[in-house]
Every structure is written in structure tokens, then in C-alpha cells.
Amino acid sequence: MSKLQAIRGMNDLLPDQSPVWQYVENTFKRLLSRYGYLEVRAPVLEQTALFRRSIGEATDVVEKEMYTFDDRNGESVTLRPEFTAGIVRAVIEHGLAHNQTQRLWTTGPVFRYERPQKGRYRQFHQLSVEIFNLEGPDIDAELILLSARLLRELGLSDQVTLELNSLGTKEARAAYRATLVEYLNAHREVLDEDSLRRLTTNPLRVLDSKNPEMAAMLAGAPRMLDHLDAESEAHFERLKASLDETGVRYVINPRLVRGLDYYSRTVFEWTTTALGSQGTVCGGGRYDGMVEELGGKPTPAIGFGLGIERLVLLLETLELVPASVHEHLDVYLTALGERAQQRALPLAERLRDALPSLRLQLHCGGGSFKSQIKKADRSGARIALLLGEEECERGTVGIKFLREEREQENIPQAALVERLALELGA
RNA sequence: GUGGAUGUAGCUCAGUGGUAGAGCCCCGGAUUGUGGCUCCGGUGGUCGUGGGUUCGAUCCCCAUCAUCCACCCCA
């Protein structure tokens, strides 16, 4: 009988970590609001067919990484391996993109059955941003600028690089695909097993291979960027110009094809070298064909997914988490003796009524005065309020500054609200 | 799915074929109502799990599970 423990690759978020997550989540929520994006939430579980059709049968995600099982009614369901498909489904189902544009975001857990390692988990969390019914390069630029600002606000600008590519339209890609297959077929003897399989299923992915024995051959392969249709080319040029004008640096990576089949035209990734082999922090692109593919009207769309675990890992590795995120208390109220313990609870409530932003913890469980003050210190609070027999007698309360060289004072309880407001700048 | 490393106290780790130790944390005391530094004491362990070898296994062997890292892939 094995011990009860978390499922492999699925982690608990404990109190020492949650402040960092809140910091990250608050940062991006504030930012998205500033750009006028709205939140949507879709279920964790969807029909399996949704992901098979949108992500693509030949992708790694669909082939071997999905948490798929039969619901009680026999229908095949899948825990979302990414957000886009579910959001698209919701947008179609509720007609959100019917003659209107949408700028949306969502966040939560996603699931992929992979071997866990640093920065890679079976349950992980993403921020996903999705935009519908805007086809021009202006929105591509806005989306990338938004991601750039988010990384900048977290202090990561110097730690990440923006990689950019264009995959052209579906038609241009089909033509290029034929050219590429012809080239790859001519070099069959160099292809490894995986690439041979992809030659028929998804030849563009062959370009992504890191097999050094294929590097020379791939370097000579025809490039998608040289086979773009005129419109995609103009789109890409305009996007690059916008990024240049706004001072966002990028590198063109003609090999960037991304692992999900639905992308067209613009694709991009923010990568880092600080996280070992899991270098992608954020990735996205245009998926103009997906809405139609899933039964909606033709609707241009673009979006990105950002990995929160990797972002947090990066911030911690680089020591970029502001110390203030861990300060969760202003005041620790001690209570020594039976009478003080009885009075402390209503006092704490009165303070919380009067000072809504006050973060106050009441000491519970008794113990010596010494141990209570020790706990006040360990709690991280700036101020300890001391309530004992003497204070109860006189209607006062002791106010002790735990982080500064200041005399301890004893003030009337009636003056406490005003005093705390002053001290804490509330 | 493949390869390598590692599983001993809440945490970080020593250790030995004869049923276990340190530091940190936590609790108490030195200081009958005052934290941080110091000193003293204390709580806490099926030595991942199952099997095998042995008089005897935490140690040796096998299996299994988990964690970490890498391949692969991506967030």
C-alpha cells in the first residue's frame, strides 16, 4: 500500500510560495486591465475531439501528452493541455466574435502527461491571452508589446529574448511544405527516425530538430520566410517596423515553427537561458484558421500562453522577487492572561472595522508573554500590540516597534485607531 | 518513452552488517510581562515501500514508487 501523496508532476503551492504567485498574478491582472482586456474562464475538461481537431493529430501534445479518459457516459474527455482551443470553443458557442472584436485573457491550470523536470510539470499554470477578429499587424504588435511590458514590469527585460517568425498563410505554407518535402526527400539518408515520420505527418517540425547530424542538411533547407505570400510578407514587415518603432528588440528565427499545428503568419517566443533546458517562458502566434476549423465563421485570431511556474522560477533564480511581497502583517496583537484574552478578540475586530487596510493577526493559544513576543517577531509584523492585566486595568495598550529603534509606548485604547492609521500611513 | 543521480527527523544533510546522529525549525528555561544575540534542556524517525541474502539489514541484492537532472518536447 503506497503512501498518500500528490500525483506525479503535480505540485502543492505552499504558504512560502504563494506570495510570489500573487505578486506575478496581480502584476499581469493589473496590466491586462490597463490594456482593456477582459477575463474569461472555461472548464478544465473538454471533449477530446476539441483538442484533436485544433492542436493537430500529429503533434506531440495530442499524440502522447493528453490526460484523456472516458466520462461516465462513455464520452471521451480531456483535461485541457492548453487554453486556446477551449477559449475558441467558448467564443464560438456564445457568439462572442460575431461581428465584433474581443481581447480576452484567462489563467489557471493546464495538463500535459510528460516526464517532469525543472520547469516542466504535468499540471502547470498559464496566463493565456487571446484576441479575435483583428487581422492586421497592429494587433500582433500590441499583443507582443503587452507581453514585453509584462516581462519588463517583473524586471526580466535583460533576461529574455524575443524570437520571431512568420509561417505565412495556410496556402503559402502548403506550397512551401511541398518544396520542403521535396528537399527533405532528396536528403532522406540523413533524416533520423523521428524526422522520417514527421516527413509525412508534419514536415515543418523537422526544421525544429536539434539533432546535430542533421544540422548541416537543415541549414541548406529552403526557408519559409523566403516563400511567404505577398500579404504575409507585408504583414510581417509591418509588425517588425512597429516593434522597431517602439523599441522592442527581437531576433528572427526562421526555424521557429511551434509545436501546435494551428499557427499561421506571426509566431513568437520569449526565451531565456537561465532555466536550463526549459527555455521558453512565453509563446504564441496567429491562428487565423482555427475558429472556422472548429465550426465558427472565418475569424482571424492571435494569442500567447505564458508559463507561470517558469516565470516564478526565473524570478527566484535571478532574485528579482521584491522582498515586500513576503510582508503580510502590519500588527501582531498579544494577549496575556484570561481577561486580556477575552478583550483582545473584540479589540481586534474593532481595529479591523476602523482600518480596513490593516493587516492584523491576533495571538491565540495563550503561552508566556515572552513566547508571544517571539511569535510577534517571527510573524514579520512591524508593530506588536501588548495587552495584559495592567493594560486592561488602565484601559491602555502597549505599542512596541519590532523593526525600529523606538521606545515602547503605552497609549489609551481609545487613541489606538488614530495612532495605527498614522503609523501605517493608512 | 529513454538515460543518469538521489530517497535517513518538518527542512538541509551525516552515518554504520549489531534496531540512528548534527544543524536549522518548533517548544520550554536562564530573564515571576518584552523578540532579534548567547547558553541550557526538550518534542520529533515504520532510515520511501515490498521482497531476498543473513543469527541479525537503515547499510548488501532485486523489484517498485517518488524526487531531481538530461534527452525529447514545450509553458
Side-chain angles (χ1 to χ4, degrees), chain A residues 1-11 14 16 55 59-65 80-84 107-129 147 160 192-195 198 202 205 208-212 256-260 269-272 275-284 303-314 332 334-337 340 363 365-392 398-405 407-408 410:
Chain A
M1 191 62 191
S2 62
K3 278 190 290 193
L4 252 33
Q5 55 190 324
I7 301 290
R8 175 167 214 199
M10 306 205 176
N11 302 117
L14 302 179
D16 61 334
I55 296 171
T59 57
D60 284 347
V61 169
V62 169
E63 270 182 359
K64 51 193 187 193
E65 294 174 3
R80 62 187 177 206
E82 55 117 36
F83 275 109
T84 306
T107 189
V110 294
F111 304 83
R112 290 185 201 170
Y113 192 89
E114 292 187 88
R115 194 80 172 258
Q117 68 181 73
K118 185 176 184 181
R120 191 172 79 181
Y121 312 99
R122 288 186 173 179
Q123 176 182 129
F124 62 103
H125 298 75
Q126 286 188 345
L127 163 67
S128 193
V129 179
S147 66
V160 290
D192 57 28
E193 193 184 341
D194 216 32
S195 297
R198 283 180 175 152
N202 192 349
R205 298 300 327 276
D208 217 19
S209 170
K210 279 142 204 146
N211 186 342
L256 183 63
V257 294
R258 315 258 323 129
L260 313 175
E269 276 185 16
W270 286 97
T271 59
T272 176
L275 288 185
S277 62
Q278 309 303 325
T280 305
V281 172
C282 174
F304 68 72
L306 177 145
I308 301 180
E309 279 82 357
R310 287 185 187 174
L311 209 54
V312 168
L313 209 53
L314 197 52
Y332 191 94
T334 66
L336 185 66
H363 178 85
S368 69
F369 201 67
K370 181 189 175 72
S371 70
Q372 293 195 27
I373 290 201
K374 201 167 190 164
K375 278 186 176 139
D377 181 41
R378 298 276 158 94
S379 78
R382 214 186 109 206
I383 290 170
L385 291 179
L386 315 178
L387 194 64
E389 202 47 46
E390 230 176 278
E391 288 79 6
C392 286
I399 178 164
K400 180 179 173 71
F401 301 92
L402 297 167
R403 319 282 158 213
E404 317 155 60
E405 291 292 327
E407 278 298 304
Q408 178 177 326
N410 220 282

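Just so it is clear: chains get the letters A, B, ... in the order the sequence lines come, proteins before strands, and each one is counted from 1.
- On the C1' atoms, B:C60 is 10 Å away from B:U54, given to the nearest whole Å.
- Taking the P atoms as reference points, B:U43 lies 15 Å from B:G10, given to the whole Å.
- Across the P atoms, B:G28 and B:G17 are found 40 Å apart, a figure rounded to whole Å.
- Within the 3.5 Å criterion, the main-chain N or O of A:Val257 finds no donor-acceptor partner in the side chain of A:Arg205.
- For A:Gln117 against A:Ser277, the heavy-atom pair with the smallest separation is NE2-OG, 3.0 Å.
- The separation of B:C69 from B:A9, taken at their C1' atoms, amounts to 26 Å, rounded to a whole angstrom.
- Closest non-hydrogen pair, A:Gln126 versus A:Thr107, comes out as O-OG1, 2.8 Å.
- A:Phe369 is linked by a ring-ring contact (aromatic ring centres under 6.0 Å, His included) to nothing, counting only residues two or more places apart in sequence or in another chain.
- Counting heavy atoms from C-beta outward, A:Met10 and A:Phe111 have side chains that approach closer than 4.5 Å.
- More than 12 heavy atoms of other residues, nucleotides or ligands sit less than 6.0 Å from atom CD of A:Glu404.
- A cation-pi contact, defined as under 6.0 Å to the ring centre and within 45° of the axis, links A:Arg122 to A:Tyr113.
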Can you check nucleotides 8-12 of chain B for protein contacts, nitrogen or oxygen pairs under 3.5 Å, and list what you find?
none

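- Along RNA chain B, the nucleotide nearest A:Asp377 and the nucleotide nearest A:Gly367 are compared for position; the residue whose nucleotide lies closer to the 5' end is A:Gly367.
- Ion pairing of A:Glu82 with A:Arg112 is absent here, as no side-chain N (NZ or NE/NH1/NH2) approaches a carboxylate O to less than 4.0 Å.
- B:G48 sits 15 Å from B:A57 when the P atoms are compared, rounded to a whole Å.
- In RNA chain B, runs of at least 3 consecutive Watson-Crick or G-U pairs, each pair with both distances below 3.5 Å, span B:1-7 with B:65-71, B:10-13 with B:21-24, B:26-30 with B:38-42, B:48-52 with B:60-64.
- Straight-line distance between the C1' atoms of B:A70 and B:C62: roughly 26 Å, to the nearest whole Å.
- Proximity of A:Asn410 to A:Glu391: side-chain heavy atoms (C-beta onward) are separated by under 4.5 Å at one or more points.
- Nucleotides B:C74 and B:C13 place their C1' atoms 34 Å apart, quoted to the nearest Å.
- More than 12 heavy atoms of other residues, nucleotides or ligands shown are found within 6.0 angstrom of CG on A:Leu14.
- Using P as the reference atom, B:A22 and B:A14 are 16 Å apart when rounded to the nearest Å.
- Atom P of nucleotide B:G28 and atom CD of A:Gln372 are separated by 10 Å, given to the nearest angstrom.
- The salt bridge (Lys or Arg N to Asp or Glu O under 4.0 Å) test with A:Glu114 is passed by exactly one of A:Arg120, A:Arg8, A:Lys64: A:Arg120.
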Can you check each nucleotide of nucleotides 66-75 of chain B against protein heavy atoms at under 4.0 Å and return B for base, S for sugar-phosphate only, - for none, in 5' to 3' order? -S-SBBBBBB
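- A search for salt bridge (Lys or Arg N to Asp or Glu O under 4.0 Å) contacts involving A:Asp192 returns nothing, not counting sequence neighbours.
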Reading nucleotides 29-34 of chain B from 5' to 3' and marking B where a protein heavy atom lies under 4.0 Å of the base, S where only the sugar-phosphate is that close, and - otherwise, the string is --B-BB
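- A:Ser147 and A:Phe304 make their closest contact through CB-CE2, 3.8 Å (heavy atoms, listed as atom of the first residue, atom of the second, distance).
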Which is it for A:Arg198 and A:Asp60 under the salt bridge (charged side-chain N to carboxylate O under 4.0 Å, His left out) test, yes or no, and what are the steps along the way? CA-CA 11 Å; A:Arg198 283 180 175 152; A:Asp60 284 347; 3.6 Å; yes
